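First comes the structure, then the notes that go with it.
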Amino acid sequence: MNVSRRHQVSPYLVFFIIYNSQVGVGILSFQKTIAEKAGYDAWIGVLAAGCLVQAFIWVMYKLLGKVDGDIIDVHTVAFGKFLGKFLSFFIISYYGIASISVMLAFIEIIQVWMFPTLPSWLIATMTLMLVYYCISGGFRVVVGLSFLSFVFPQVYILVLYLFPLKIAHFSNLLPIMNHSFMDILDSVKSSMYTIAGTEVLLMCYPFIRNPDESKKFAHLGVLFTTVLYTISSIVSFTFYSEEQLQTTIWPELSITKVIKYSFLERFEYLYISMYLIIVTALVSLLLWCASRGLKKIFNMKQKYALLILGFVSVLICQLANEPFKDLIDTSITQMNLYIFYGYIPLLLLYFTLFKRGNQSG
């Protein structure tokens with residue numbers, strides 16, 4: 001697939017695409033989930049999950065490089081136009097559902113911590129207006145926002161880890177590896193949902209200039225986020241007791257309560273406000289993938305696909321209740337595990353054999 005050079009981004013920007021796709025509101029609460037069975041050893045599961053994502057990056061580049069296109073092109077070449085688009089639709093659906101999951105989580109944080117009476121549809125509409133404006137500028141603008149979400153506020157947020165470390169209890173981490181292999185494996189599975197997101201490369205690949213040169217930046221991006229999540233989990237584990245951790249919904253967000261300034265009593269207000277940039281960048285990336293996919297599958301203009309996705313997102317955000325939110329999170333976890341870490345490697349195997357069959361014939 002040929003994409004005009006003026007619509008493509010430089011290879012080094014893949015680092016920020018990967019960072020943006022993996023870091024969302026999940027980092028505020030994942031410490032509780034991964035520690036449910038593995039306890040303070042759960043940080044080991046985060047490192048193991050990062051290694052699996054590195055392998056997934058290699059698989060994606062290998063698969064997409066065979067057709068020099070996105071996942072829709074891969075499906076079309078492998079299975080034909082009709083079946084290919086049918087299978088691609090499931091991949092595209094994932095991006096749409098994932099964006100709704102991110103928005104629901106952020107809306108819940110805003111309503112619990114800042115504005116309890118603010119209606120969900122209003123928060124969703126305001127966020128999606130920013131997202132629409134961003135995507136309307138093209139893929140380069142989406143990547144530009146990813147870059148900004150890294151420079152500000154992520155670099156600043158990293159400094160905030162120094163405050164809780166002043167009263168940390170590193171003895172909480174000892175003894176290391178005192179949980180079973182199956183408990184560590186459970187923390188790996190829980191971590192996979194939190195650090196998911198690299199699958200956006202399946203749609204972004206044609207918009208990367210010199211994709212082969214971008215591989216190292218993709219791996220570096222995963223390395224950075226893996227280290228970031230590991231540091232975040234260790235900071236939380238040394239700050240909370242295991243009992244406190246299981247009763248704290250957003251461990252990283254609650255930690256910010258220890259930060260006190262004479263001129264700012266509720267630092268978490270500023271913290272959550274800064275996260276709006278990260279959430280807007282992530283939803284923009286996911287909805288760009290979804291609208292781009294719908295454009296190719298149904299031959300429709302991307303702005304119409306984006307408007308449809310935006311309307312559906314606002315509707316779901318307003319009507320969703322707790323069981324429905326849990327259903328969306330569970331669906332995303334299962335789709336991520338089976339589609340991307342099960343189906344995509346099998347697709348690479350099938351595609352490799354398919355190409356070999358043609359060559360031998």
Side-chain angles (χ1 to χ4, degrees), residues 16-17 19-29 92-154 156-157 194 196-197 200 203 249-250 252-253 268-294 302-322 324-325 328-329 332:
F16 302 103
I17 295 175
Y19 157 79
N20 183 25
S21 66
Q22 289 191 288
V23 178
V25 291
I27 196 172
L28 303 177
S29 61
I92 300 306
S93 301
Y94 169 85
Y95 297 123
I97 298 172
S99 69
I100 293 172
S101 175
V102 172
M103 289 186 57
L104 285 172
F106 189 59
I107 288 170
E108 185 178 8
I109 289 173
I110 289 179
Q111 291 177 334
V112 170
W113 287 78
M114 297 178 71
F115 306 109
T117 59
L118 198 62
S120 300
W121 67 266
L122 183 57
I123 303 173
T125 302
M126 292 174 67
T127 305
L128 287 170
M129 286 174 66
L130 293 174
V131 169
Y132 181 84
Y133 179 75
C134 178
I135 297 178
S136 298
F139 181 69
R140 292 167 66 96
V141 176
V142 174
V143 177
L145 190 59
S146 299
F147 173 76
L148 286 178
S149 72
F150 175 81
V151 176
F152 179 85
Q154 187 58 66
Y156 177 63
I157 288 174
T194 306
V200 297
M203 289 302 298
I249 301 176
W250 298 284
E252 180 161 316
L253 191 53
E268 59 268 26
Y269 279 24
L270 179 61
Y271 190 84
I272 295 171
S273 301
M274 289 190 298
Y275 247 86
L276 178 62
I277 300 175
I278 294 177
V279 169
T280 302
L282 176 55
V283 173
S284 296
L285 189 59
L286 291 169
L287 286 185
W288 180 88
C289 293
S291 57
R292 171 78 184 170
L294 291 177
Q302 190 167 357
K303 67 176 183 179
Y304 295 141
L306 186 57
L307 287 172
I308 294 172
L309 288 167
F311 176 76
V312 173
S313 298
V314 172
L315 193 64
I316 292 178
C317 287
Q318 177 60 28
L319 300 178
N321 52 22
E322 284 304 319
F324 189 73
K325 291 177 184 177
I328 288 181
D329 290 342
I332 288 296

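Note that the structure is a prediction, hence the values are computed from the model and not measured.
For the side chain to side chain donor-acceptor pair (under 3.5 Å) test, no residue two or more places apart in sequence or in another chain qualifies with Tyr95.
Applying the side chain to side chain donor-acceptor pair (under 3.5 Å) definition to pairs two or more places apart or across chains, those involving residues 98-123 are Ser101-Tyr193, Ser101-Asp329, Gln111-Ser120.
In this structure, the side chains of Thr280 and Cys134 stay at 4.5 Å or more apart for every pair of heavy atoms. Side chains of Leu282 and Phe106 form no contact here, defined as non-hydrogen atoms less than 4.5 Å apart. Looking at Tyr19 and Ser149, their side chains come closer than 4.5 Å, going by heavy atoms from C-beta outward. Between Trp288 and Val143, every side-chain heavy-atom pair lies at or beyond the 4.5 Å cut-off. Between Leu294 and Leu309, some side-chain heavy-atom pair lies under the 4.5 Å cut-off. No side-chain heavy atom of Ile249 sits less than 4.5 Å from a side-chain heavy atom of Val112. Proximity of Ile17 to Phe139: side-chain heavy atoms (C-beta onward) are separated by under 4.5 Å at one or more points. Counting heavy atoms from C-beta on, the side chains of Tyr275 and Leu253 never come closer than 4.5 Å.
A distance of 11.5 Å separates CD1 in Ile109 from CG in Leu276, rounded to the nearest 0.5 Å. Note that OG of Ser313 is 11.5 Å distant from CD1 of Ile308, once rounded to the nearest 0.5 Å. Distance CE/Met126 to CG/Leu118: 7.5 Å, rounded to 0.5 Å. Considering CD1 of Ile278 and CG of Leu145, their distance stands at 10.5 Å, rounded to 0.5 Å. Here the straight-line distance linking atom CG of Leu104 with atom CD1 of Ile123 works out to 10.5 Å at 0.5 Å rounding. Atom CG of residue Leu285 and atom CE of residue Met203 lie 11.0 Å apart, to the nearest 0.5 angstrom.
Classified by interplanar angle (parallel below 30°, tilted 30° to 60°, perpendicular above 60°), the ring pair Phe16/Phe150 is perpendicular.
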Practice problem: Could you check Ile316 against Met103 for side chain to side chain contact (heavy atoms under 4.5 Å, CB included), going step by step and ending with a plain yes or no? | Solution: CA-CA 10 Å; Ile316 292 178; Met103 289 186 57; over 6 Å; no
Exercise. Determine, step by step, whether Leu287 and Leu128 satisfy the side chain to side chain contact (heavy atoms under 4.5 Å, CB included) criterion, reporting the C-alpha distance in whole Å, the side-chain angles of both residues, the deciding distance to 0.1 Å, and the verdict.
Key: CA-CA 10 Å; Leu287 286 185; Leu128 287 170; 3.7 Å; yes
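The shortest heavy-atom contact between Val102 and Val25 is O-CG2, 4.1 Å. Taking all atoms of both residues into account, the shortest heavy-atom contact from Glu252 to Ile27 is OE1-O, 3.6 Å. The nearest pair of heavy atoms linking Ala320 to Lys325 is O-CE, 4.1 Å. Between Ser284 and Ile135, the shortest heavy-atom contact is O-CD1, 3.4 Å. The two atoms that bring Ile107 and Ala124 nearest to each other are CD1-CB, 4.1 Å, heavy atoms only.
More than 12 heavy atoms of other residues, nucleotides or ligands sit less than 6.0 Å from atom CE of Met114.
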